[in-house]
Amino acid sequence: MSSLIDSKPGETFRIGELRLLGRQRRRLLEMGLIPGAPVSVSAIGVCGGRILRVGEARIAVDRATARAIDVARESAHE
């Protein structure tokens, strides 16, 4: 598994562990970033954050948050 910070636009992942606590963790879970959920990277922000597509939603996370989200790359055969 790698961190979301290592991702590039167009890549698809499954969410692994959220290495966050408290309100920040709960808020990401409420927005659909739950372990096992598929997510794709739409763009990289100016300061290094990521803009994610989760289902029909687009979610922006800052660089520090992206670093704390573990992801597993989707296989090309899936």
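These numbers come from the heavy atoms of this one structure, side chains and all, not from hydrogens, waters or symmetry mates.
Taking the side-chain contact (heavy atoms from CB on, under 4.5 Å) definition, one finds that Glu30 meets it with Arg26, Arg27, sequence neighbours left out. Scored by the side-chain contact (heavy atoms from CB on, under 4.5 Å) test, Ile44 finds Pro9, Arg50 as partners (sequence neighbours excluded). The side-chain hydrogen bond (donor to acceptor under 3.5 Å, both in side chains) check on Ser40 picks up nothing, with sequence neighbours excluded.
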Less than 3.5 Å apart, which donor and acceptor atoms pair up between the side chains of residues 15-22 and the rest of the protein, not counting sequence neighbours?
unit_1, atom_1, unit_2, atom_2, d
Arg19, NE, Asp70, OD1, 3.2
Arg19, NE, Asp70, OD2, 3.2
Arg19, NH2, Arg67, O, 2.7
Arg19, NH2, Asp70, OD1, 3.0

Side chains of residues 55-63: which donor-acceptor pairs under 3.5 Å do they make with residues two or more places apart or in other chains?
unit_1, atom_1, unit_2, atom_2, d
Asp62, OD1, Thr65, N, 2.8
Asp62, OD1, Thr65, OG1, 2.6
Arg63, NE, Cys47, O, 3.4

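At least one donor-acceptor pair under 3.5 Å links the side chain of Arg14 to the backbone N or O of Gly36. Using modelled atom types, one side-chain atom of Ser3 and one backbone atom of Ala66 make a donor-acceptor pair closer than 3.5 Å.
Counting only heavy atoms from C-beta outward, the side chains of Leu33 and Leu52 approach each other to under 4.5 Å.
For residues 32-44, the set of pairs meeting the salt bridge (charged side-chain N to carboxylate O under 4.0 Å, His left out) definition, not counting sequence neighbours, is empty.
Residues Ser7 and Val41 share a closest heavy-atom pair of OG-CG2, 3.4 Å.
The CZ atom of Arg53 sits 11.0 Å away from the OG1 atom of Thr12 when rounded to the nearest 0.5 Å.
Taken together through direct or relayed side-chain contacts under 4.5 Å among Ile, Leu, Val, Met, Phe, Trp and Tyr, Val54 and Phe13 form part of one hydrophobic cluster.
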